[in-house]
Amino acid sequence: DVSRTVVAVYVDGNEIDFNAPWSTGKAWSLNRTGVVVGGHRILVMGIAAHRYGHVQVQKSGFTTREDARAVLVDTDADLALFTVDDDGFWADLQPAQFSEVLPDVRNARVIHVAEDARIQVSAALVKGFRVYGRIKFVNLALQVPDARSVSKSDVVTSGSKVTGLMNTSWSSDMLAVSASNILDFLAEASHKPYRGFAVPGFDWQMATDPTLRSELGLSMAESGVRVTNVWPHGSAYGGLEVGDVVLSVNARVVEGDGTYSDARAGRISFEALFTDWHHPGDSVELRIARGSERKTVHLVLKGAPMEDDLVPAQFRRYPMYAMVGGLVFEPLSFEYMISSFGKDWDTKGPPFLVRNLVHGGGHMATPDREHLVVLTRVLPSQATLGYEALHDLVVEDVNGTPIHSLDDMVAAFALRSSGFHVVTFAPGQDVRRIVLDAQEAHEAEVRIRDTYGIQAGPSTVSRQPEGQTPADRKP
């Protein structure tokens, strides 16, 4: 009885107003399908990346909603576990059974719990498997004739078992994270502390071209992919070098197109070998070619939280910002660009910021460069006369101190050595430098805080969503 294993999940929160990060943006709400798992928990996909404020659940056939509490939220995997503290809620529910192997049958069903808690069932066809996402999950590639009735976190079943959770669409297919990866997540959820998922930590290119293979010194019997970039402090840092050829991972041969032969899924991306039932702290064995040398290297795996990107997709916490004398600074993120310039940010946004997103997004920050800090707007005051039109400028240094994070900026403003604040912007932008009278900036802040309702002066601010504490988030 599917009605005993799935529930409706209702989530609400507030958008972020990046133009005024100290304020609350427009309210939003969404609903997802939740699947009941052991331990009085509900598994949901597709809300972990949202800064939710309130979560409720409703059983099919019931009219009341119950408040739900977060047990574990993995923002990078976009998976979350919730519970309801009222034991009576669980009386007529039972945990779903997950398939431990990838489905070998092609016919499947997609279970969707609608906003009114009614259960809807759609037919689907499993076409194959694809490794997709920041976390290299193995996804079922599905063809769903009635795709409009399907949404993220819907439950994919074959026979009586769950084989996946709907994730996203790719070209003409819809993708669902496989039950194997879900079981891995549920097993890891009991590990203290929760470690999350590991990722390869390097970029690569295919090595199928005969000329490239010859240059790399590969024999006719060898295959692999060429390493093009090693992420700072990622899994491959210190073990791989640019130009290395990865020949195998844990004795699995890597083909020149970046695939390997999986007994369950056929030919899929070798990147899954770093994630599938592997977690930060685990080790994998790589066979590599480095010039004429053949070596075996062991990599200790690490995760790659999105906030560790130089330019992250978004920040898990509410936006960090600093305000000094009317100058408002924020770290650059894709979310900021989409909020400010829309989905066409790559054509409508300032070229300098777009270039930094293209080259900075997805690359991990380093201790020397945590994030790119941007002057996002200027609030009018006596201290900022003449600067009111400035916005979207990447900061290079403040008072002679290089700026690699908001914390750097706060410290630099506090350590002024004269009666002026000097802000220097990265070269290649419309403005190179501005100067503020330090005393005027200090006096203006009190008025600005009162006018705009800003709770802090020259300091870094990070707001948590209402009703949610840092303990609710993945460590």
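Counting from 1, the numbers follow the sequence of the chain as shown. Just so we're clear, the structure is a prediction, and the values are computed from it rather than from any experiment.
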- Item | Electrostatic pair D173:K127 at N-O distance under 4.0 angstrom | yes

- Item | Check against ring pair (Phe, Tyr, Trp, His ring centres under 6.0 Å), F197 and F137 | CA-CA 10 Å; F197 289 92; F137 287 148; 5.0 Å; yes

- Short question: side chain of D203, backbone of N229 - any donor-acceptor pair under 3.5 Å? no

- Item | K295/D244 salt bridge by N-O under 4.0 Å criterion | no

- Would you give the length of the straight line joining atom CG of D407 to atom CD of E370, rounded to the nearest 0.5 angstrom? 6.5 Å

- For L183 and S99, work out which heavy atoms get closest and say how close. CD1-O, 3.7 Å

- Query: Okay, side chain of D344, backbone of T347: is any donor-acceptor separation there less than 3.5 Å?
  - Reply: no

- Can you find a pair of side-chain heavy atoms, one from V156 and one from L165, that are under 4.5 Å apart? no

- Task: For the residue pair L247 and L218, establish whether any side-chain heavy-atom pair is separated by less than 4.5 Å.
- Result: yes

- Classify the angle between the aromatic ring planes of F274 and F270 as parallel (below 30°), tilted (30 to 60°) or perpendicular (above 60°). perpendicular

- Query: With side chains defined as the heavy atoms from C-beta onward, is the minimum distance between T83 and I42 less than 4.5 Å?
  - Reply: no

- Can we say R134 and D309 salt-bridge, meaning some charged N sits less than 4.0 Å from an Asp/Glu carboxylate O? yes

- Query: Any salt bridge between R264 and D276, counting N to O under 4.0 Å?
  - Reply: yes

- Might you confirm whether atom NZ of K348 has over 12 heavy atoms from other residues, nucleotides or ligands at distances under 6.0 Å? no

- Can the positive tip of K59 be found less than 6.0 Å from the middle of the six-membered ring of F89, inside 45° of the ring normal? yes

- Query: Just checking, is any N or O donor in the side chain of D184 or H279 under 3.5 Å from an acceptor N or O on the other one?
  - Reply: yes

- Task: Before giving the answer on side-chain hydrogen bond (donor to acceptor under 3.5 Å, both in side chains), spell out for E330 and T376 the whole-Å C-alpha distance, their side-chain angles and the decisive distance to 0.1 Å.
- Result: CA-CA 7 Å; E330 300 178 60; T376 57; 3.1 Å; yes

- Please walk me through it: do R267 and E255 pass side chain to side chain contact (heavy atoms under 4.5 Å, CB included)? CA-CA 10 Å; R267 303 217 65 86; E255 298 295 337; 2.8 Å; yes

- Query: Does the side chain of L175 reach to within under 4.5 Å of the side chain of R130, using non-hydrogen atoms?
  - Reply: yes

- Would you check if the side chain of R41 reaches a backbone N or O of G38 as a donor-acceptor pair within less than 3.5 Å? yes

- Query: If you draw a 6.0 Å radius around CD in E115, do more than 12 non-hydrogen atoms from other residues or ligands fall strictly inside?
  - Reply: no

- Nearest-0.5 Å distance that lies between atom CD in E66 and atom CG in D85: 10.0 Å

- Query: For the residue pair V225 and G256, what are the closest heavy atoms and their distance?
  - Reply: CG1-O, 4.0 Å

- Message: Check whether T33 reaches the backbone of V113 with its side chain - one donor and one acceptor, N or O, closer than 3.5 Å.
- Response: yes

- Are side-chain heavy atoms of N107 and L125 found at a separation under 4.5 Å? yes

- Return yes if some donor-acceptor pair links the side-chain N/O of Q429 with the main-chain N/O of A426 below 3.5 Å, else return no. yes

- Please report the shortest heavy-atom distance between L216 and G243, naming the atom on each side. CD2-O, 4.1 Å

- Can you find a pair of side-chain heavy atoms, one from D67 and one from D86, that are under 4.5 Å apart? no

- Checking side-chain hydrogen bond (donor to acceptor under 3.5 Å, both in side chains) for the pair Y260/N250: CA distance, chi angles, key distance, verdict? CA-CA 11 Å; Y260 80 101; N250 284 343; over 6 Å; no

- Item | Whether S178 side chain and V138 backbone form a donor-acceptor pair below 3.5 Å | yes

- Is the number of heavy atoms from other residues, nucleotides or ligands within 6.0 Å of OH (Y237) greater than 12? no

- Message: H298 vs E285, test: side-chain hydrogen bond (donor to acceptor under 3.5 Å, both in side chains). Steps then yes/no.
- Response: CA-CA 5 Å; H298 292 86; E285 179 182 280; 3.1 Å; yes

- Message: Within the structure provided, determine whether R226 and V246 are in side-chain contact (heavy-atom separation under 4.5 Å).
- Response: no

- Check for a donor-acceptor pair, side chain of S339 on one end and backbone N or O of Y336 on the other, with a separation under 3.5 Å. no

- For G201 against A236, the heavy-atom pair lying closest together: O-CB, 3.8 Å

- Note on the structure: Rounded to the nearest 0.5 Å, the CG atom of L372 sits from the CD atom of E396 at a distance of 11.5 Å

- Task: Could you please spell out the steps behind the side chain to side chain contact (heavy atoms under 4.5 Å, CB included) verdict for Y194 and L72?
- Result: CA-CA 9 Å; Y194 175 77; L72 174 66; 3.6 Å; yes

- Message: If I compare all heavy atoms of F341 with all of P350, which pair ends up nearest, and what's the gap?
- Response: CZ-CD, 3.3 Å

- Query: Sub-3.5 Å donor-acceptor pair from the side chain of R213 to the main-chain atoms of S219, do we have one?
  - Reply: yes

- Distance-minimising heavy-atom pair for M174 and M166: CB-CE, 3.6 Å

- Task: Verify, without hydrogens or angle tests, whether T296 (side chain) and R287 (backbone) share a donor-acceptor contact under 3.5 angstrom.
- Result: no

- Task: Would you check if Q56 and V84 make a side-chain contact, meaning some heavy-atom pair closer than 4.5 Å?
- Result: no

- Message: Test your reading of the model: is there a side-chain donor-acceptor pair from S153 to the backbone of G46, 3.5 Å cut-off?
- Response: no

